[in-house]
Amino acid sequence: MRIEAHGLHVHLGRREVLRGLDFVAHAGEMTAVIGPNGAGKTTLLKALAGLVTPSAGTVSLQGCALAGWLPRARARALAYLPQERITHWALSARAVVALGRLPHQPMGASESSADGRAIDAALAAMDISHLAARPVSEMSGGERTRVLIARALAQEPAALLADEPVAGLDPAHQLGLFGHLTALALAGRTVVVALHDLSLAARFCHRIVLMQAGRGVATGAAEEVLTREHLAAVYGIAAHHTRIGGIPVVLVADVLP
């Protein structure tokens with residue numbers, strides 16, 4: 001599913017957060033949205049998900065304006081993982097993950113065998129099958145994050161938008177998550193992740209969109225975007241994109257004066 005935004009402007013109150021931004025994410029690719037705090041990454045993902053209304057510009061899914069999608073069809077096609085890991089009820093992990101199946105179920109229907117398979121697969125993908133019966137209110141922050149990611153996976157969307165999905169995850173589960181996201185992209189899904197970890201973006205993402213102050217600064221492969229010049233201008237750091245043991249990383253040497 002191709003996701004596009006053209007000339008996107010978004011105001012939150014009196015503040016203009018996105019300023020004429022163009023964006024595209026393709027099926028079969030994982031796209032990273034990076035930039036410093038306040039760059040507009042979260043607002044962009046919310047606009048792509050239809051959770052904030054642009055003051056100007058357009059957002060489309062597969063060539064159709066986002067506003068033209070029926071809510072239920074959009075919920076089946078697009079999943080959004082917010083940055084806030086909030087759960088308001090003491091539901092079990094499995095019950096939370098099962099919420100991802102609601103767009104696929106007729107009103108009032110019980111869980112189908114297809115629903116059960118999707119739920120179990122999502123629990124296994126996030127290594128939380130053993131936590132299925134535990135209330136999310138009794139979990140650590142990292143465990144709760146994995147439950148909420150599993151909920152989005154259970155939705156089986158054509159496109160997944162994830163805002164800081166690795167926040168609170170230990171290194172092993174960060175790599176496990178990105179391995180699964182890579183598999184989704186290779187299977188033809190569209191994956192968009194907002195990230196602060198530049199090395200994860202360099203290692204796993206096909207395309208990177210670098211943002212600053214609500215605008216796009218650079219778009220392309222890691223080698224094109226994660227240059228010394230871009231990192232200095234946008235982040236104010238002395239850093240460079242290299243490889244260690246064949247693995248792409250971004251090494252940060254210092255903060256620039």
Side-chain angles (χ1 to χ4, degrees), residues 28-35 37 41-42 45 79-87 91-100 117-157 159-208 221-222 226 237 239-252:
E29 292 185 352
M30 179 158 32
T31 300
V33 180
I34 65 171
N37 294 332
K41 302 183 297 296
T42 291
L45 263 63
Y80 170 69
L81 175 72
Q83 189 177 116
E84 301 81 13
R85 311 296 196 240
I86 299 172
T87 53
L91 297 174
S92 70
R94 194 181 193 285
V96 171
V97 174
L99 295 174
R117 287 192 297 270
I119 294 165
D120 292 341
L123 289 166
M126 289 299 100
D127 189 28
I128 51 173
S129 298
H130 62 294
L131 301 176
R134 184 184 298 179
V136 291
S137 57
E138 298 177 8
M139 292 183 178
S140 71
E143 290 170 336
R144 189 160 55 248
T145 292
R146 284 150 56 201
V147 170
L148 296 177
I149 294 170
R151 182 182 66 184
L153 296 179
Q155 200 170 323
E156 297 184 314
L160 172 62
L161 309 175
D163 194 352
E164 285 296 331
V166 297
L169 296 187
D170 60 58
H173 286 109
Q174 289 184 20
L175 292 178
L177 169 61
F178 268 85
H180 191 76
L181 295 179
T182 297
L184 290 179
L186 290 175
R189 311 286 180 89
T190 306
V191 181
V192 181
V193 290
L195 288 174
H196 280 298
D197 191 317
L198 303 180
S199 291
L200 286 176
R203 180 174 179 178
F204 290 101
C205 295
H206 300 89
R207 288 162 47 86
I208 298 176
L226 299 174
I237 55 175
H240 66 281
H241 175 225
T242 186
R243 288 177 178 268
I244 297 177
I247 297 174
V249 296
V250 175
L251 294 178
V252 180

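Start at 1 with the first residue, then count along the sequence. All of these numbers come straight from a predicted model, not from anything done at the bench.
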Open item on the list: With rounding to the nearest 0.5 angstrom, report the CG to CD1 distance, Asp197 to Ile34.
Closed with: 10.5 Å
- [ ] Starting at CG of Asn37, measure out to OG1 of Thr42 and round the result to the nearest 0.5 Å.
- [x] 9.5 Å
- [ ] For the residue pair Pro82 and Asp163, establish whether any side-chain heavy-atom pair is separated by less than 4.5 Å.
- [x] no
Open item on the list: The criterion is side chain to side chain contact (heavy atoms under 4.5 Å, CB included); which residues satisfy it with Arg189, sequence neighbours excluded?
Closed with: Pro157, Leu184
Open item on the list: I need the Leu153 CG to Arg146 CZ distance, nearest 0.5 Å.
Closed with: 12.5 Å
Task: Exam field: side chain Glu138 to backbone Pro135, donor-acceptor pair closer than 3.5 Å - done: no
Task: Pairwise distance CG(Leu91) to CG(Leu99) - rounded to 0.5 angstrom - done: 6.5 Å
- [ ] Please tell me if the side chains of Pro165 and Leu177 come closer than 4.5 Å, counting only heavy atoms from C-beta onward.
- [x] yes
Task: Leu181 side chain reached by Phe204 side chain, heavy atoms, under 4.5 Å - done: no
Open item on the list: Is the shortest side-chain heavy-atom distance between Val97 and Met126 below 4.5 Å?
Closed with: no
- [ ] Report the C-alpha separation of Leu148 and Leu81 in whole Å, then their side-chain angles, then the decisive distance to 0.1 Å, and conclude whether the side-chain contact (heavy atoms from CB on, under 4.5 Å) test is met.
- [x] CA-CA 7 Å; Leu148 296 177; Leu81 175 72; 3.9 Å; yes
- [ ] Evaluate side-chain contact (heavy atoms from CB on, under 4.5 Å) for Leu45 paired with Val33, printing each intermediate quantity in order.
- [x] CA-CA 9 Å; Leu45 263 63; Val33 180; 4.3 Å; yes
Open item on the list: What I'd like to find out is whether the side chain of Asp120 reaches to under 4.5 Å of the side chain of Ser129, using heavy atoms alone.
Closed with: no
Task: Donor-acceptor pair, side chain of Arg85 and main chain of Gln83, under 3.5 angstrom - done: yes
Task: Gap separating the CD atom of Gln174 from the OG1 atom of Thr145, nearest 0.5 angstrom - done: 10.5 Å
Task: Check: Glu29 and Val191 side chains under 4.5 Å, non-hydrogen atoms - done: no
Task: Shortest non-hydrogen contact from Ala152 toward Ala79 - done: O-CB, 4.0 Å
Task: Contacts of Arg203 that satisfy salt bridge (Lys or Arg N to Asp or Glu O under 4.0 Å) - sequence neighbours left out - done: none
TODO: State, to 0.1 Å, how close Ala32 and Leu195 come at their nearest heavy-atom pair, and which atoms those are.
DONE: CB-CD1, 4.3 Å
Task: Least distance between heavy atoms, His173 atom then Asp127 atom - done: NE2-OD2, 3.0 Å
Open item on the list: Within the 4.5 Å heavy-atom criterion, are Leu160 and Thr190 side-chain neighbours or not?
Closed with: no
Task: Separation of Met30 CE from His206 NE2 (nearest 0.5 Å) - done: 7.0 Å
Open item on the list: Quick check: do His196 and Lys41 have side-chain heavy atoms less than 4.5 Å from each other?
Closed with: yes
Open item on the list: Does Leu251 form a side-chain contact (heavy atoms from CB on, under 4.5 Å) with Ile244? I'd like the steps, not just the answer.
Closed with: CA-CA 10 Å; Leu251 294 178; Ile244 297 177; 4.2 Å; yes
TODO: Mind running side-chain contact (heavy atoms from CB on, under 4.5 Å) on Val147 and Ile128 for me, showing each step along the way?
DONE: CA-CA 7 Å; Val147 170; Ile128 51 173; 3.8 Å; yes
Open item on the list: Using every non-hydrogen atom in the two residues, find where Val250 and Ala202 come nearest and quote the distance to one decimal.
Closed with: CG2-CB, 4.4 Å
